[in-house]
Amino acid sequence: MTFEYTENMLHDEDDASDASSDVTELEEYDFPDHFFERDGRLFHSHGSLPYPLPVDGPEQARLNNLHRILRDTVEFHYLGPVTEVLNDARPRQKRVLDLCTGTGRWPMDMARLFPRVKIYGLDIVPIATRRPLRHVQFEIHDITERFRWGNGAMDFIHARNIDLAVTDYPELLREVARLLRPGGLFFSGEIGRSIDFAHGSSLNQAPRARSFFQVVNRSLELRHLVPIADSIPGFIQQSRQFTVPTIQTFHIPVGDWHHNLVMKRVGKMYLAALKDFAESLKPMLREAGMTQQEINSLVTGFIEDIERVPGLVGVYHTAWAKKL
């Protein structure tokens with residue numbers, strides 16, 4: 001078995017190496033301990049963590065779909081000076097850390113582009129491939145806790161779609177800054193928890209889609225998960241640990257209305273991903289006190305709006321900065 005989990009044995013060295021005493025190999029019989037079933041869906045078993053979505057097969061398929069959507073939206077696997085940072089002439093092997101790695105598609109794709117770089121993927125459940133490439137290592141870890149590596153151990157930290165796992169982003173940034181070497185790179189990418197129009201049209205054309213996200217965000221706030229996608233550049237600057245962030249936003253079409261063939265395909269995938277997202281949120285909405293009838297009405301209205309109204313988009317907020 002090649003999936004490993006951390007035991008939170010910490011280092012204080014400036015450049016911590018991969019010590020075998022820091023990780024314990026996950027055996028086959030350990031896997032069920034990380035999951036529990038509720039409402040016919042499989043969830044993580046870490047009760048204190050706020051992450052609200054299932055981690056089962058349908059949700060893993062949604063995550064894989066979302067990986068392809070974001071790759072095609074930004075037209076590559078990364079933004080920013082990644083090649084420059086990972087080709088730096090420093091003598092030690094370069095290291096990349098992917099937070100909330102999910103099914104591990106991003107680390108595996110990056111490993112093919114950078115075969116000499118060690119790439120770590122962290123998540124609270126072991127749902128990544130159990131047969132990673134030799135320089136990819138998946139570990140179980142709660143990213144709200146201190147990481148096992150020493151100061152300056154990482155060259156690039158990648159944080160994409162982690163907003164449902166983090167209740168204190170500034171605190172996470174302090175730990176990210178500790179882990180990065182001077183000149184190391186931090187990337188954040190988050191899809192806003194709302195629906196928008198590509199051409200400034202009124203959202204009154206899709207009132208049930210707007211209402212869906214309002215209800216979902218209120219439910220998430222009960223878990224202290226507030227929308228932060230457009231606040232992260234400010235958090236980066238306020239930390240005073242990084243250069244001024246470079247900010248880019250991308251529109252992800254919902255449905256096949258886009259004239260560009262690639263984005264038309266992306267839009268079809270994103271429409272499917274949003275339907276799956278709504279389905280995955282149903283257990284959380286029940287937990288928040290909604291009746292099954294209310295949930296079904298909310299989700300049905302949302303799906304009808306996103307299927308019929310052209311011009312709807314999701315907004316992907318990205319920012320990258322170097323460690324000072």
Side-chain angles (χ1 to χ4, degrees), residues 50-53 55 59-83 85-86 95-114 117 119-125 127-129 132 136 138-139 141-144 147 154-167 169 172-173 175-176 179-180 184-194 225 227-233 235-236 242 245-252 266 269-270 273-274 276-277 280 314-322:
Y51 187 74
L53 297 180
V55 294
E59 178 61 14
Q60 291 173 38
R62 186 188 74 86
L63 293 176
N64 290 337
N65 196 18
L66 198 56
H67 171 69
R68 291 187 289 268
I69 289 165
L70 296 180
R71 179 198 63 200
D72 291 348
T73 297
V74 305
E75 299 181 335
F76 205 47
H77 294 292
Y78 57 81
L79 295 171
V82 173
T83 300
V85 168
L86 296 184
R95 298 192 183 105
V96 174
L97 180 61
D98 184 38
L99 306 182
C100 298
T101 196
T103 59
R105 289 297 179 92
W106 187 84
M108 293 290 281
D109 285 348
M110 287 292 287
R112 296 180 183 97
L113 296 174
F114 298 95
V117 173
I119 303 178
Y120 300 90
L122 303 185
D123 208 290
I124 56 171
V125 285
I127 60 174
T129 176
V136 176
F138 293 116
E139 299 184 7
H141 183 71
D142 171 9
I143 67 166
T144 66
F147 297 97
M154 294 293 164
D155 299 276
F156 176 27
I157 296 180
H158 181 260
R160 190 179 71 177
N161 295 331
I162 73 170
D163 70 325
L164 294 181
V166 179
T167 57
Y169 208 96
L172 174 66
L173 276 177
E175 184 67 353
V176 165
L179 278 184
L180 280 174
L185 183 66
F186 173 66
F187 171 82
S188 165
E190 299 287 346
I191 299 176
R193 278 191 243 147
S194 62
L225 294 169
I228 58 170
D230 57 356
S231 302
I232 292 172
F235 294 151
I236 293 172
F242 300 90
T246 296
I247 303 167
Q248 291 177 271
T249 58
F250 301 84
H251 281 174
I252 308 171
V266 167
M269 290 192 294
Y270 192 47
L274 284 174
D276 292 340
F277 180 61
S280 288
V315 181
Y316 183 44
H317 302 260
T318 73
W320 63 263
K322 286 186 174 183

Compare every heavy atom of Ala319 with every heavy atom of Pro233, then report the nearest pair and how far apart it is.
CG-CB, 4.0 Å

Test item: Thr101 side-chain N/O and Asp123 main-chain N/O as donor-acceptor pair under 3.5 Å
no

Roughly how far, to the nearest 0.5 Å, is CE of Met108 from CG of Leu113?
12.5 Å

Quick one: closest heavy-atom pair of Ala159 and Phe186, and the distance?
CB-CE1, 3.8 Å

Is the closest side-chain heavy-atom distance between Thr129 and Phe138 below 4.5 Å?
yes

Sidechain-backbone polar pair: Asn65 side chain, Met269 backbone, donor-acceptor under 3.5 Å
yes

Do Glu190 side-chain atoms and Ile162 backbone N/O form a donor-acceptor pair below 3.5 Å?
yes

Euclidean distance, His67 NE2 relative to Thr103 OG1, rounded to 0.5 Å:
8.0 Å

Look up atom CG in Leu86 and atom CD1 in Ile119, then write down how far apart they are to the nearest 0.5 Å.
8.0 Å

For the residue pair Ala321 and Ile236, what are the closest heavy atoms and their distance?
CB-CG2, 4.0 Å

Over all atoms of both residues, closest heavy-atom pair of Cys100 and Ile143:
SG-CD1, 3.5 Å

Taking the side chain as every heavy atom from C-beta outward, state whether Leu99 and Val166 have any atom pair closer than 4.5 Å.
no

What's the shortest heavy-atom distance between His317 and Gly192, and which atoms?
CD2-N, 3.9 Å

Looking only at heavy atoms, which two atoms of Leu164 and Pro52 are closest? And how far apart?
O-CD, 3.7 Å

Under the side-chain contact (heavy atoms from CB on, under 4.5 Å) rule, what do Phe277 and Ile191 come out as? Steps first, then yes or no, please.
CA-CA 13 Å; Phe277 180 61; Ile191 299 176; over 6 Å; no

Report yes if some heavy atom in the side chain of Val82 is under 4.5 Å from a heavy atom in the side chain of His158; otherwise report no.
no

Are more than 12 heavy atoms, taken from residues, nucleotides or ligands other than Arg62, located less than 6.0 Å from that residue's CZ atom?
yes

May I ask you to decide if the ring planes of Tyr78 and Phe114 are parallel, tilted or perpendicular, using 30° and 60° as cut-offs?
tilted

Does a side-chain heavy-atom distance below 4.5 Å link Leu225 with Thr167?
yes

Point-to-point distance, once rounded to the nearest 0.5 Å, from CG of Leu79 to CH2 of Trp320:
9.5 Å

Residues Tyr169, Ser188; criterion side-chain contact (heavy atoms from CB on, under 4.5 Å); working and verdict:
CA-CA 11 Å; Tyr169 208 96; Ser188 165; 3.5 Å; yes

Report the relative orientation of the aromatic rings in Tyr316 and Phe250; use parallel for angles under 30°, tilted for 30 to 60°, perpendicular for over 60°.
tilted

Tell me whether the rings of Phe156 and Trp106 are parallel (<30°), tilted (30 to 60°) or perpendicular (>60°).
perpendicular

Among pairs that include at least one residue of residues 155-165, which meet salt bridge (charged side-chain N to carboxylate O under 4.0 Å, His left out), considering only residues two or more places apart or in two chains?
Arg92-Asp155, Asp155-Arg181, Asp163-Arg193

Do His141 and Phe147 have ring centres separated by under 6.0 Å?
yes

Please tabulate, for the side chains in residues 70-77, all donor-acceptor contacts under 3.5 angstrom to protein atoms that are two or more places apart in sequence or on a different chain.
unit_1 : atom_1 : unit_2 : atom_2 : d
Asp72  : OD2    : Arg265 : NH2    : 2.9
Thr73  : OG1    : Ile69  : O      : 2.7

As a quick check of understanding, evaluate side-chain contact (heavy atoms from CB on, under 4.5 Å) for Val315 and His251, giving each step before the final call.
CA-CA 5 Å; Val315 181; His251 281 174; 3.9 Å; yes

Sequence neighbours excluded, the answer for side-chain hydrogen bond (donor to acceptor under 3.5 Å, both in side chains) partners of Thr144 is Asp142

Find the distance between CG (Asp98) and CG (Leu122) and round it off to the nearest 0.5 Å.
8.0 Å

Could you check Arg105 against Leu63 for side-chain contact (heavy atoms from CB on, under 4.5 Å), going step by step and ending with a plain yes or no?
CA-CA 9 Å; Arg105 289 297 179 92; Leu63 293 176; over 6 Å; no

Interatomic distance, Leu66 atom CG to Asn161 atom CG [nearest 0.5 angstrom]:
5.0 Å

Heavy-atom side-chain proximity of Phe235 to Ile228 below 4.5 angstrom:
yes

